[in-house]
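Report on one structure; see the data block that follows.
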Amino acid sequence: MSFSDHADPLLAGLNEQQRTAVVSKSKALLIVAGAGSGKTRVLTHRIAHLIRQRIAWPSQILAITFTNKAAAEMRQRVGQLLGEGAESMWVSTFHSACVRILRKEAERFGYVSGFTIYDSADSRALLKRLIKESGAEAYNFTPAAVGNKISRLKNELKTASDYAATARVTDPREAVFVELFSAYEQELRRANAFDFDDLIAQTVYLFRAFPDVAAKYRARFRWVLIDEYQDTNHAQYALVRELTKATPADAIAALKTPLNPALLTPAGDLPGAALTVVGDSDQSIYAFRGADIRNIVDFESDFSDAEVVKLEQNYRSTQNILDAANAIIAENFDRQEKSLWTASGPGNKIVGFAGYSQHDEARFVAEEIERLHNDGVAYGQIAVFYRTNAQTRALEELLMRAAIPYRVLGGTKFYDRAEIKDAIAYLTSIVNPYDPISWSRLLSAPKRGIGAVTEAQIAVFAETNEISYHEAMLRCAEIGIGAKARNAVLSLAQTLKQATELAAPTAAAVKPRPVGEILEMILKETRYLETLRAKRDPQDEARAENLEELIAVAKEFDAANSGGTVIEFLTQVSLVAAVDELDDISGTVSLMTLHTAKGLEFPYVFLTGVEEGLLPHQMSLNEPGGVAEERRLMYVGVTRAEKQLYLTLASTRSQFGDIAATVPSRFLQDIPETLIDWRQTPDQIGHRCYAGGSLQTTGSGYGGGGSGGGSGYSAGQRRDAAAADRSQAAKWRERKQQLTASRLNGKQTKPISFGTPIAQNYNDITLEIGDRIEHETYGIGSVRLITGSGNKSVAHVSFEEHGEKKLLIRLAPIIKITGKD
DNA sequence: CTTATGAGTCTTTTT
DNA sequence: GACTCATAAG
């Protein structure tokens, strides 16, 4: 501690670089912050410093973080440093900030402030309809694929007409895609809805189309700070540029409300805001979402007077962990040289463990956690990471068996559950009765005798008369719907009307009711909870409980936001991220994907599934830069650990009941051997085991990818395996066949409920036209036609009592009685 | 119109 | 293996 600490308590305990970053007055500041280098601390202290020194008012600060959780934390920490005055700062994610701006300015460009935010499921539902309507199925378009492409384009700030201008119109597929894209844009607008990507892109368009709006926000936000800058995409980058641009004098003069003259230059211009970005290109892991690493790499050339501060001292991990992390990331060639170091000593070696199967791996994790816990480590200090959500199954199973309290972050999110989406659809529809997605969803939740036909009739009526779906329902007598359906529609319409009245009373003097109350009223009137409870299924009981939980969430919201509207509640709900759920981790082990883990730290970290095909993931291998990104992902995972890191893998991994041998991750080999203390090495359990005997059950042809020799394959089989390995598509085909085969085998060994003769011939008969067969339920019939081949052969059988049926020969419960008559 | 069943499809990461 | 989709039966 030097004596200058006394000059400014905000600088106390900071190192040289950190201080430089905190006090910098640069208009453009890049803080290159290695993992664990205290960047959150630097950011919060920088903001506090700006305010404390009267360089900025709190209201002039816009700080963008990656998650709402991080935002809340930052606001709280700044508040702590200052004692007060942090309320008027904007601290939020890109998405939340944009929603706030859009809600305020929506009317300017034909939207309503109560617009709906479509999540990816909503977008897909809309696209599905559009694909069907346009007949694009013929071109093999799937909602997911179209959605991804549209998302990519929107992240590049390309509209449908932009794209149409560059697309090869001669390609019919391209032409159809352009159609879909523009239909999608139109439908969103008509529904008064934005998708996730729109939130950013439309804000950029808003600023570009309405200079006075842009000027207003530029004048307000004089200090813009962006965290995790390496994960910004082009649209976000453009947004930052728009916000921090200088504004010419004539645009200022055009403003309705004049600006504080102190902000302007003598010539009357508004200079650009000061921009601080924090990031680490080694931790860029969202390229699949359009994140462009160049945003951070090119920062210095983007802003000619940029100052760069590098934070390389790590305060989080032991040297052993850092050495491993450095060794892993050093293999990425196009990076800026940076090496983390710590003063905290080598610490424990990394513990490695290779299990026989994912269960074995999970068992090790569970046992080790138990051991740690017995040694006095709190569960909340332990985290388990994995590459894919599917890996949670084995982990959860073993943790549960060991009675270890755990919590899965992300995964099947609360708000993704069907019953929750149903309830949310009601609220959404109340706020935005023009939104077809939520309306269509609530129609049959719960089932009330309104089917596809009735729905389509009402929808058409609403759309042709340009009225809301609610209004169309009220007027359903004009449509000519059957009496039974009509009653259901009318009663639902009444409920919606009542709810709308509660949420937004027509009389100005009446105050809106709290969200929890409205939700309860809807669930009561629609008898949704009642219907669920009436069923015997325990799953439905769980659903009812989830709804109760949602009501509790709504009431919590009401309590925390007095006078909070349904719109605000919905906004909050639609923008929650996985980590935002991480409020109380004190008593539980945390399970999460490597992506979710970014920005977090834990004393004890298990990084599981360190295998080829998983980390790096199979899917990344064909993508340009894919493996480099996977490497960064591994780096992120490793650097989350403070005290102790575990790296685990399994020599076989089964997905979908099909067991495959695995190969240790290439990243593992980059870590110096001396850093790892193997409890069980991959060699100990390696390929010998795989080659030993399990091959019979997994079948031939799937042994490629390095499992190599030593097996009982014939030369021909091995050649087959190699050939299959050569092409991805062939591999998939091969694998699918095995899957089918293994299922059939499984069935054969199980006791079969119907007559034994059928069981014996279950999956291995050949049929010809004219054969007579007996089916378990259809009885006797004769084969009229055979289509398809191999496993997929289908017999068209005409049954004596049930007419003609198509049966998959391998699967159908049939027995051949006689040959041709 | 709803529900049950069988077949077919897709498996990376997420604001 | 989980989920969706299409189809047939209730």
Side-chain angles (χ1 to χ4, degrees), chain A residues 64-71 92-99 117 119-120 124-125 128 132 142-145 148 151 155 195-200 228 231-233 235-236 285-291 385-391 393 409-413 416 418 443-444 446-455 482 484-485 488 574-580 592-598 609 613-623 626 629-630 632-633 636-637 654-658 732 735-736 739-740 742-743 746 777-778 792 794 802-803 805-808 810-813:
Chain A
I64 300 289
T65 58
F66 203 66
T67 64
N68 292 303
K69 164 99 178 151
S92 69
T93 62
F94 270 111
H95 294 268
S96 303
C98 287
V99 170
I117 302 168
D119 65 15
S120 22
R124 255 182 283 128
K128 198 173 140 199
K132 206 170 226 165
T142 65
N148 283 337
S151 171
N155 285 332
D195 65 19
F196 270 137
D197 306 306
D198 279 336
L199 296 178
I200 315 288
E228 309 282 9
D231 282 323
T232 51
N233 60 36
Q236 290 165 332
I285 54 174
Y286 280 100
F288 71 91
R289 208 169 76 189
F385 300 156
Y386 37 82
R387 177 66 177 84
T388 69
N389 284 307
Q391 287 166 256
R393 202 167 301 143
L409 291 153
T412 334
K413 279 173 235 139
D416 284 346
L443 273 185
S444 44
K447 303 273 155 65
R448 48 166 69 87
I450 305 174
V453 180
T454 313
E455 175 184 338
K484 205 170 143 218
S574 48
L575 297 178
V576 284
V579 255
D580 294 338
M592 69 193 85
T593 65
L594 286 164
H595 283 89
T596 305
K598 193 177 76 157
L614 216 44
L615 187 64
H617 195 277
Q618 191 69 35
M619 292 289 160
S620 71
L621 300 181
N622 304 320
E623 295 162 9
E629 175 141 323
E630 298 287 305
R632 291 193 292 270
L633 202 46
V636 166
S654 72
Q655 12 184 14
F656 320 128
D658 176 29
W732 267 109
R735 183 163 180 192
K736 234 175 200 170
L739 219 133
T740 324
S742 73
R743 264 189 208 156
T777 44
Y778 299 139
K792 294 202 169 150
V794 172
H802 291 86
K805 304 264 184 267
K806 282 184 263 183
L807 306 167
L808 197 60
R810 299 286 302 245
L811 280 176

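Note on naming: letters A, B, ... go to the chains in the order of the sequence lines (proteins, then strands), and numbering restarts at 1 for each one.
Under 4.0 angstrom from either OP1 or OP2 of B/dT14 there lies at least one side-chain N or O belonging to A/T593. Close to B/dC1, at under 4.0 Å from its OP1 or OP2, lies a side-chain N or O of A/T454. OP1 or OP2 of B/dC1 has not a single side-chain nitrogen or oxygen of A/S444 nearer than 4.0 Å. Between B/dT13 and A/K598, no contact under 4.0 Å exists linking OP1 or OP2 to a side-chain N or O.
A/E228 has its CD atom 14 Å from the C1' atom of B/dT14, to the nearest Å. The nearest whole Å value for the distance from the NZ atom in A/K128 to the C1' atom in C/dT4 is 8 Å. Between A/R124 atom CZ and C/dC5 atom C1' the separation is 15 Å, expressed in whole Å. In this structure, the CG atom of A/L621 is 15 Å from the P atom of B/dT13, given to the nearest Å. In this structure, A/N148 places its CG atom 13 Å from C1' of B/dT11, rounding to the nearest Å. The nearest whole Å value for the distance from the NZ atom in A/K484 to the C1' atom in B/dT2 is 9 Å. Rounding to whole angstrom units, NZ of residue A/K132 and P of C/dA6 are separated by 5 Å. Between the CG atom of A/N389 and the C1' atom of B/dT14 there is a distance of 10 Å, given to the nearest Å.
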Tabulate protein N/O versus nucleotide N/O from nucleotides 3-5 of chain B, keeping only pairs under 3.5 Å, one per line.
unit_1 : atom_1 : unit_2 : atom_2 : d
B/dT3  : OP2    : A/K447 : NZ     : 3.1

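Heavy-atom distances to DNA chain B give each of A/D197 and A/G449 a nearest nucleotide, and the one nearer the 5′ end belongs to A/G449. Nearest-nucleotide positions on DNA chain B for A/L633 and A/T142 put A/T142 closer to the 5' end.
Within the 4.0 angstrom heavy-atom criterion, base atoms lie near A/E623. When heavy atoms are screened at a 4.0 angstrom cut-off, A/Y286 is found touching the sugar-phosphate backbone but no base atom. Contact annotation for A/L594: no contact, since no heavy-atom pair falls under 4.0 Å across all strands.
Judged by distance alone, the side chain of A/E228 and the main-chain N or O of A/F66 form no donor-acceptor pair under 3.5 Å. Distance alone, capped at 3.5 Å, is enough to place a donor-acceptor pair between the A/E629 side chain and the A/A287 backbone.
Residues A/D119 and A/S574 bring no donor and acceptor atom of their side chains to less than 3.5 Å of each other.
With sequence neighbours left out, A/T388 forms a side-chain hydrogen bond (donor to acceptor under 3.5 Å, both in side chains) with A/Q391.
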Inset, instruction - For A/S96 and A/N68, run side chain to side chain donor-acceptor pair (under 3.5 Å): C-alpha distance rounded to whole Å, both residues' side-chain angles, the deciding distance at 0.1 Å, then the answer. - result: CA-CA 8 Å; A/S96 303; A/N68 292 303; 3.1 Å; yes
Inset, instruction - List the steps, then state whether side chain to side chain contact (heavy atoms under 4.5 Å, CB included) holds for A/L615 with A/L594. - result: CA-CA 10 Å; A/L615 187 64; A/L594 286 164; 3.9 Å; yes
Inset, instruction - Applying side chain to side chain contact (heavy atoms under 4.5 Å, CB included), run through A/F288 and A/E623 and close with a yes or a no. - result: CA-CA 10 Å; A/F288 71 91; A/E623 295 162 9; 5.9 Å; no
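When the C1' atom is used for both C/dT4 and B/dT13, the distance is 22 Å, rounded to whole Å.
For B/dT15, the base has a donor-acceptor partner in the side chain of A/H95 [N/O atoms by modelled type, under 3.5 angstrom].
Which of B/dC1, B/dT12, C/dA2 sits closest to the side chain of A/R393 comes down to C/dA2. With B/dT14, C/dA6, B/dC1 as the choices, the nucleotide that has an atom nearest any side-chain atom of A/T596 turns out to be B/dT14. With B/dC1, B/dT12, B/dT15 as the candidates, the nucleotide lying closest to the side chain of A/R387 is B/dT12.
Note: A/F196 and A/F94 fail the aromatic proximity criterion, with ring centroids not under 6.0 Å apart.
B/dT13 has A/F288 stacked on its base ring, the centres lying under 5.5 angstrom apart and the planes within 30 degrees of parallel.
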